[in-house]
Every structure is written in C-alpha cells, then in structure tokens.
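These notes are about the structure you will find just below.
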Amino acid sequence: MSNAAENVQEQEIDLAGANQVIDKYLDMKGALMPVLQGIQEFYGYVPEPTVPLVAERLNVYPSQIYGVLTFYAQFHLKPRGKYIVRVCMGTACHVKGAGRIAGTLEERLGITHAETTEDLKFTAEYVACIGACGMAPVIMVNDATYGSMSVQKMDEVIAKYKAME
C-alpha cells in the first residue's frame with residue numbers, strides 16, 4: 001500500500017458513522033457481521049479505531065472482532081481505492097495474457113497486487129478466477145466486467161476511470 005493510503009489510515013477517524021451503524025443493529029442478536037459490514041460500507045474499510053467501539057457497544061472482545069475481520073476476505077482493515085481493479089489470473093486468462101494485462105496495470109498506476117494509489121482512486125487485486133473464462137483475459141473494475149483485454153484496452157479502461165470523479 002502506498003504511503004498516502006497508510007497516512008489516511010493513521011488520521012483520526014470520526015466515529016459518528018460507526019455509532020450510527022451500531023445503533024441500527026444494537027438490539028439485534030448476532031449483530032457483529034452486519035455491524036462490521038455497515039462500518040465497511042460507510043468508511044470503505046473497517047478503521048482500526050472502530051474495533052474498540054464495536055467491542056464496547058456490542059459487548060464482545062476485540063479479539064473476536066479481529067477474528068471475524070481476518071477470517072473473511074470481504075473485510076479490509078486498510079483504505080482501498082474508489083475503483084477496485086481485479087485482474088483475473090485463472091488458467092484461461094493466464095494463457096491469453098493476464099500477466100501482460102497485470103503488468104500494464106502496474107506500469108500505468110504504479111501499484112501492484114493489493115496496493116492502492118496515493119490518491120486512493122485505484123486498488124489492484126489479482127484474483128484466482130472471475131468466472132468469465134469465455135471472455136479471457138478479463139478484468140473487473142468494481143462491478144463492471146471487461147473481456148478480451150489487451151494492453152490497448154487496458155489503457156482505455158484506466159483512462160476512463162481516471163477521468164471519472
């Protein structure tokens with residue numbers, strides 16, 4: 001992760017959003033998962049300072065919360081980019097040039113797997129399989145899927161999202 005993304009994490013976090021999420025589920029049995037999902041949806045990740053707050057308000061140990069946060073791949077403890085670029089590295093994509101696509105992403109954005117750009121706009125993730133082998137090589141940007149990728153198409157996709165706010 002870039003230094004800028006780490007610096008954002010080190011900044012003081014306004015816990016008002018986390019308190020609103022906890023308030024919504026406070027009386028619900030087994031509220032830990034929806035609370036953590038809500039906090040991640042609010043902040044884009046689960047900030048470390050929210051863990052003691054959740055522990056205190058839900059009456060659970062912080063270790064239980066970290067157990068959940070580190071077990072499930074859906075949770076992230078560091079800030080992520082606005083656009084998550086997933087490059088499929090499955091067999092079909094690998095054979096059709098996924099490595100070249102990933103290399104282009106790294107060159108253009110200056111980040112590699114699990115890293116975020118300093119402006120918090122992009123996060124790169126290399127995944128085992130997206131499940132669209134017929135369109136290999138494939139990438140996803142958030143929920144949008146782009147198939148039959150080439151270096152030129154990768155440049156176009158990156159330019160499209162760089163131009164977006």
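Distance OH/Y126 to CD1/I101: 11.0 Å, rounded to 0.5 Å. Put simply, CZ on F75 and CD1 on I65 are 11.0 Å apart, with the number rounded to the nearest 0.5 Å. Atom CD1 of I22 and atom OG1 of T50 lie 7.5 Å apart (nearest 0.5 Å). Taking CD from E125 and CD from E115, the interatomic distance works out to 12.0 Å, rounded to the nearest 0.5 Å. Atoms CG and CD, from L53 and E48 in turn, are 13.5 Å apart once rounded to the nearest 0.5 Å. To the nearest 0.5 angstrom, K153 atom NZ is 11.0 Å from K160 atom NZ.
A donor-acceptor pair under 3.5 Å links the side-chain atoms of Q40 to the main chain of Q74, judged by distance alone. Not a single donor-acceptor pair under 3.5 Å links the side chain of K24 to the backbone N or O of N19.
The shortest heavy-atom contact between Y43 and I13 is CE2-CG2, 3.6 Å. When all heavy atoms of E106 and T112 are compared, the pair lying nearest together is OE2-OG1, 2.9 Å. Residues K96 and A136 come closest through the heavy atom pair CD-O, 3.5 Å. Of all heavy-atom pairs between V54 and V60, the closest is O-CG2, 4.4 Å. Between M28 and P34, the closest heavy-atom pair is CE-CG, 3.6 Å. In terms of heavy-atom proximity, C129 sits nearest to C133 at SG-SG, 4.2 Å.
Between F122 and Y83, the ring planes are tilted. Angles from 30° to 60° get that label.
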Legend entry - Derivation of the side chain to side chain contact (heavy atoms under 4.5 Å, CB included) call for V141 and I139: CA-CA 7 Å; V141 180; I139 69 163; 4.2 Å; yes
Inset, instruction - Check the pair V85 / M154 against side chain to side chain contact (heavy atoms under 4.5 Å, CB included), numbers first and verdict last. - result: CA-CA 11 Å; V85 182; M154 190 67 186; 4.1 Å; yes
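Atom CD of E156 is surrounded by more than 12 heavy atoms from other residues, nucleotides or ligands within 6.0 Å. Counting heavy-atom neighbours within 6.0 Å of K121 NZ, excluding the residue itself, gives a total above 12. Within 6.0 Å of CD in E41 there are 12 or fewer heavy atoms belonging to other residues, nucleotides or ligands. Heavy-atom contacts from other residues, nucleotides or ligands closer than 6.0 Å to CD of Q152 number 12 or fewer.
Under the 4.5 Å side-chain heavy-atom criterion for Ile, Leu, Val, Met, Phe, Trp and Tyr, F71 and Y61 are members of distinct hydrophobic clusters. The same ILVMFWY cluster, assembled from side-chain heavy atoms under 4.5 Å apart, contains both F42 and Y72. There is a path of hydrophobic side-chain contacts, each under 4.5 Å, that joins L58 to V68. In the hydrophobic clustering of this structure, L32 groups with Y66; members are Ile, Leu, Val, Met, Phe, Trp, Tyr whose side-chain heavy atoms approach within less than 4.5 Å, directly or through other members. Linking ILVMFWY side-chain heavy atoms closer than 4.5 Å, directly or via other members, places V151 and I111 in two distinct hydrophobic clusters.
Side-chain atoms of T123 and T117, non-hydrogen and from C-beta on, never get closer than 4.5 Å to each other. For the pair V157 and M149, the minimum side-chain heavy-atom distance is below 4.5 Å. Put simply, the side chain of P47 reaches to within 4.5 Å of the side chain of I39, judged on heavy atoms.
Summarising the hydrophobic clusters (Ile, Leu, Val, Met, Phe, Trp, Tyr; side-chain heavy atoms under 4.5 Å, direct or chained), the residues clustered with V138 are V127, I130, M135, M140.
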